[in-house]
Amino acid sequence: MRRRTAILISGRGSNMDALIAAASTPEFPAEIALVASNRPEAAGLARAKSLGIAVAAVDHKIYAGREEFERSLQIVLAAHRIELLCLAGFMRLLTPWFVEQWRGRMLNIHPALLPSYRGLHTHRRALADGVKIHGCTVHFVVPEMDEGPIVAQAAVPVLDRDTEETLAARVLEQEHLIYPRALRLVAAGALRVEGNRVLGAASGAAAALAVPACD
Ligand code: GAR
């Protein structure tokens, strides 16, 4: 059985596109059963709809607080019998209550090599620090922002001529590769978590989850 997966977005949705494309082959162990957004105007939402995927907008602005918003979202996810959640450019902090509902079943992609550069403006900060290697991370979500067991990472070089935009584009290309790989392994049950470490339950899984820097 393919795991029923929802993607949560707030905007553009290019990682959403990559996940939908990967899951469009029948042997992929997850099916994208829903795309939901806290922003009704999110570009990705209209695109998902045009692809025939169920969509939902749960506008956070009409709720009194975070948990009220999340309780509505949770009802939508339950109605679609969602088993796995992928945050893909979902720009809302989640309460411990919501995170607990999805412990071990919710992934996030972050545009930096965690635990470096949690939070926003990761590319700008990496350039300002002069680091030579940057990248992206897929991790299980825990209540602390941008923490949680790391499922996959990809590294890219930082070049002398880089601007925030060129570096972001190089990282994004890798995001689109590692997120589907990570979802495939999680949905297939090919990984186990020991403390903060995500290990391959089968040989080969771990090798698929580290992408070295290349020029
Ligand atoms: C991606 O770069 C993703 O890593 C980042 O937002 C972008 C969304 O792009 N996420 C975060 O910064 C979360 N803290 P997309 O909508 O085209 O996938």
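We count ligands from 1, going down the list as the structure has it; atoms in each ligand are counted the same way. Values reported hereafter were calculated over all heavy atoms of this structure, with side chains retained and with hydrogens, waters and symmetry mates removed.
- With hydrogens left out, the protein atom closest to atom 7 (C) of ligand 1 is Arg12 NH2, 4.2 Å, a heavy atom.
- Here the protein heavy atom with the shortest distance to atom 4 (O) of ligand 1 is Glu175 OE1, 2.7 Å.
- The aromatic ring centroids of His139 and His110 lie 6.0 Å or more from each other.
- Counting only heavy atoms of the protein, atom 8 (C) of ligand 1 lies nearest to Gly89 CA, 3.6 Å.
- Below 30°, between 30° and 60°, or above 60°: for Phe69 and Phe90 the angle between ring planes is below 30°, a parallel geometry.
- For atom 14 (N) of ligand 1, the closest non-hydrogen atom on the protein side is His110 ND1, 3.6 Å.
- A cation-pi arrangement is absent between Arg66 and Trp97, since the terminal nitrogen or guanidinium carbon is not both under 6.0 Å from the aromatic centre and inside a 45° cone about the axis.
- Atom CG of Asp17 and atom CZ of Arg12 lie 10.0 Å apart (nearest 0.5 Å).
- When the options Ile7, Val138, Val141 are evaluated for a side chain to side chain contact (heavy atoms under 4.5 Å, CB included) with Leu107, the one that passes is Val138.
- Residue, atom and distance of the protein heavy atom nearest to atom 16 (O) of ligand 1 are Gly13 N, 2.7 Å.
- The nearest heavy-atom contact from the protein to atom 12 (O) of ligand 1 is Pro111 CD, 3.4 Å.
- In this structure, Ile9 does not count as a contact residue of ligand 1, since none of its heavy atoms falls inside 4.0 Å of the ligand.
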